[in-house]
Engineer: 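Questions regarding the structure given below will be posed in turn.
Quantities reported herein were computed from a predicted structural model and do not represent experimental measurements.
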Amino acid sequence: MLDLGFIRDNLELVKRKLRERGFPDILENFDTVDRERRKFLVEAENRKARRNKVSDEIAALKKQKQDASALIAEMKQLGAEIQELDAKAKAYDDQLRELLRNIPNVPHPSVPVGSGPPDNQEVRRWGEPRRFDFAPQAHWDLGPALGILDFDRAAKIAGTRFAVYTGLGAKLERVLANFMLDTHTREHGYTEVLPPFIVNSASLYGTGNLPKFAADLFKLEGTDYWLIPTAEVPVTNLYRDEVLEAEQLPLKLCAWTACFRSEAGSYGKDTRGIIRQHQFQKVELVKFALPEKSYDELESLTRDAEVILQRLGLPYRVVVLCTADMGFSSAKTYDLEVWLPSSGEYKEISSCSNFEAFQARRANLRFRRGAGKTEFLHTLNGSGLAIGRTWLAVIENYQQADGSVVIPQALRPYLDGLERLVPPK
RNA sequence: GGAGGGAUGGGUGAGUGGUUGAAACCGGCGGUCUUGAAAACCGUUAGCCUCGCAAGGGGCUCGGGGGUUCGAAUCCCUCUCCCUCCGCCA
């Protein structure tokens, strides 16, 4: 949510920024609704001031056992007027809130203006894609051949866009989570959190997933419970409606969770393999930061996520998303894209964003400097990393001509020294 | 799932229709005293919206929403959450 006063004072600027994001008409009614709301509000409040004053007079008269019926009759009339004006003010207020809830964040000035993914800009590259002297296989062939991935039975027990990991495949998934969590908690100063995988709708409003993106989520029938699409939702909402001390910031949390996404509207996209699943696991990094520090924190959070790819020896690049490709709540986003030899391209494996005060306003996340006034803090998060996509990146990048997969050095201590996955005879 | 009890400011906790936006205590902040600190004492200490160039007004908020009333923290309805007991259960 944007600040109401900010929109009012910078209407043309905000309109231009939102046009760049692909929301050209969203503020069309803002000025009218804002003015009407305040008009009725002021009229109602003037009458309420009168009512409060007279109520005291009535109380005083009653105390002295004097007649107050004339005043009471007048107030009855006034009360009716107030009710009417309140209703009008509320109607415009509801309209304004609805409007505010549906306005995306304003991009940071450093974000490239663009109209789609081709306008994203590469920031840096790490690692050299390996040269294969054979045709590298895709993970959806390698995995089943190694006996560590089973799509057919997943389709039977659940449906499409699900996978079953078996044997060392399941263990590799588990071990990747441990490796990531250990790195972030031991070396990067994050505190581990294990939140619920189910949240209420208020939490989803807080992060900006609702009301606009309900179709992307799984809802539990007949309840106000939703499966989380990312740990960002429960973890960002941890301190909802609370006031933190400035000294606590930046507060750095990391969480392993399963994530659930309906993937409505992605038909035909990434249909093979485990790239796009209804359920996947992710280690998420979340920061609560001082406003003046949040862009430094975005850089360091992105670096924290990159370290995982570097330790695993997976080539990647960092891309800054253009205005049209950013998520609804974000002011600036870096995507980390890992090299996939089977498709010969870089594929998103992490998304690191600064939301500035956008989520903080929605979730009422504040802090205080000393005895000063409360301020909204800034929230950030990024995948560190998506585990399923890391799993397949390891399998594909480390595959050998004989169908085996070499285990990256960094993971071997987690796998009892195992050096290689070998297909069964 | 059944029965009962509760939700008040940063915290504990008074308050059952009319200067109670809210006592008291604790905590926080400022000050007096002190070589310094502690103690003691004094003062101060919510948020949001809105009018105004400002100074300064006004409105709303006692878990959320609705209602009764001239007037609601106080009465009614409803929802949410928490606690206790019973049942069930990893």
Engineer: Let me see the working for A:Leu27 and A:Leu11 under side chain to side chain contact (heavy atoms under 4.5 Å, CB included), right down to the final yes or no.
Structural biologist: CA-CA 8 Å; A:Leu27 283 175; A:Leu11 192 54; 4.2 Å; yes

Engineer: Please measure how far the P atom in B:U68 lies from the corresponding atom in B:G10, and state the result in whole Å.
Structural biologist: 31 Å

Engineer: What is the distance, to the nearest angstrom, from the CE atom on A:Met1 to the P atom on B:C48?
Structural biologist: 12 Å

Engineer: Indicate, with a heavy-atom threshold strictly under 4.0 Å, whether A:Leu78 touches base, sugar-phosphate, or nothing.
Structural biologist: nothing

Engineer: Are A:Glu36 and A:Lys39 close enough, and set up right, to give a salt bridge (charged side-chain N to carboxylate O under 4.0 Å, His left out), and what steps lead you there?
Structural biologist: CA-CA 5 Å; A:Glu36 289 297 300; A:Lys39 190 178 92 188; 3.5 Å; yes

Engineer: Can you tell me the pairing partner of B:G30 across any strand shown, Watson-Crick or G-U wobble, with both distances under 3.5 angstrom?
Structural biologist: B:C42

Engineer: Does the protein touch nucleotides 63-81 of chain B at the base, only the backbone, or not at all? Give it as B, S and - per nucleotide, heavy atoms under 4.0 Å.
Structural biologist: ---S---BS----------

Engineer: Of the residues in residues 26-40 of chain A, which ones touch RNA chain B at a heavy-atom distance under 4.0 Å?
Structural biologist: A:Arg37, A:Arg38

Engineer: Mapping A:Asn46 and A:Arg366 to their closest nucleotides on RNA chain B, which lands nearer the 5' end?
Structural biologist: A:Arg366

Engineer: What is the distance, rounded to the nearest whole Å, between atom NZ of A:Lys48 and atom P of B:U61?
Structural biologist: 8 Å

Engineer: Can you sort out the partners of A:Arg311 under salt bridge (Lys or Arg N to Asp or Glu O under 4.0 Å), two or more places apart, ordered by chain and number?
Structural biologist: A:Glu187

Engineer: Going by the side-chain hydrogen bond (donor to acceptor under 3.5 Å, both in side chains) test, which pairs reach into residues 11-33 of chain A, not counting sequence neighbours?
Structural biologist: A:Asp31-A:Arg35

Engineer: Measure from NZ on A:Lys53 to P on B:G59 and round the result to the nearest Å.
Structural biologist: 11 Å

Engineer: Starting at CD of A:Glu45 and ending at P of B:U61, how long is that distance when rounded to a whole Å?
Structural biologist: 11 Å

Engineer: I'd like to know if the side chain of A:Glu81 reaches the main chain of A:Arg47, judged simply by a donor and an acceptor atom lying under 3.5 Å from each other, with no hydrogens or angles considered.
Structural biologist: no

Engineer: Roughly how far apart, to the nearest Å, are B:C83 and B:G18 at atom P?
Structural biologist: 34 Å

Engineer: Expressed in whole Å, how much space separates the C1' atoms belonging to B:A14 and B:U34?
Structural biologist: 37 Å

Engineer: Roughly how many Å is it from CG in A:Asp56 to P in B:U20, rounded to a whole number?
Structural biologist: 10 Å

Engineer: Do you know which two heavy atoms are closest between A:Leu377 and A:Ala360, and how far apart they sit?
Structural biologist: O-CB, 3.1 Å

Engineer: Is there a Watson-Crick or G-U wobble partner for B:U68 with both distances under 3.5 Å, and if so, which one is it?
Structural biologist: none

Engineer: For B:C60, give its Watson-Crick or G-U wobble partner with both distances under 3.5 Å, or none.
Structural biologist: B:G47

Engineer: So among A:Arg276, A:Gln277, A:Arg161, A:His278, which one has a side chain to side chain donor-acceptor pair (under 3.5 Å) with A:Glu263?
Structural biologist: A:Arg276

Engineer: In whole Å, what separates the P atom of B:G64 from that of B:G27?
Structural biologist: 29 Å

Engineer: So which atom in A:Arg51 and which in A:Met75 form the shortest heavy-atom distance, rounded to 0.1 Å?
Structural biologist: CA-SD, 3.9 Å

Engineer: Mind checking the P distance from B:A22 to B:A46? Whole angstroms is fine.
Structural biologist: 10 Å

Engineer: Hey, could you give me each pair passing side-chain hydrogen bond (donor to acceptor under 3.5 Å, both in side chains) that has a residue in residues 380-395 of chain A? Not counting sequence neighbours.
Structural biologist: A:Glu232-A:Asn381

Engineer: Tell me: CD of A:Glu375 to C1' of B:C48, nearest whole Å?
Structural biologist: 16 Å

Engineer: Checking side chain to side chain contact (heavy atoms under 4.5 Å, CB included) for the pair A:Asp325/A:Thr333: CA distance, chi angles, key distance, verdict?
Structural biologist: CA-CA 9 Å; A:Asp325 205 28; A:Thr333 298; over 6 Å; no

Engineer: Which value, in whole Å, describes the distance between the C1' atoms of nucleotides B:U74 and B:G1?
Structural biologist: 34 Å

Engineer: What integer distance in Å separates A:Glu43:CD from B:G59:C1'?
Structural biologist: 14 Å

Engineer: Using the C1' atom on both, measure B:U32 against B:U80 and round to a whole Å.
Structural biologist: 49 Å

Engineer: In whole angstrom, give the distance that lies between atom CD of A:Glu245 and atom C1' of B:G11.
Structural biologist: 14 Å

Engineer: Quick one: label A:Asn52 by what it contacts on the DNA or RNA (base, sugar-phosphate, nothing), any heavy atom closer than 4.0 Å.
Structural biologist: sugar-phosphate

Engineer: Name the atoms and distances for all side-chain donor-acceptor pairs under 3.5 Å in residues 168-175 of chain A, with sequence neighbours left out.
Structural biologist:
{"unit_1": "A:Lys171", "atom_1": "NZ", "unit_2": "A:Asp416", "atom_2": "OD2", "d": "3.2"}
{"unit_1": "A:Glu173", "atom_1": "OE2", "unit_2": "A:Gln281", "atom_2": "NE2", "d": "2.9"}

Engineer: Paired with B:G4 by Watson-Crick or G-U wobble geometry, both distances under 3.5 Å: which nucleotide is it?
Structural biologist: B:C83

Engineer: Strictly by Watson-Crick or wobble contacts shorter than 3.5 Å, is anything paired with B:U74, and which nucleotide is it?
Structural biologist: none

Engineer: Under 4.0 Å between a side-chain N or O of A:Asn364 and OP1 or OP2 of B:C48?
Structural biologist: no

Engineer: What interatomic distance, in whole Å, is found between C1' of B:C29 and the corresponding atom of B:U78?
Structural biologist: 42 Å

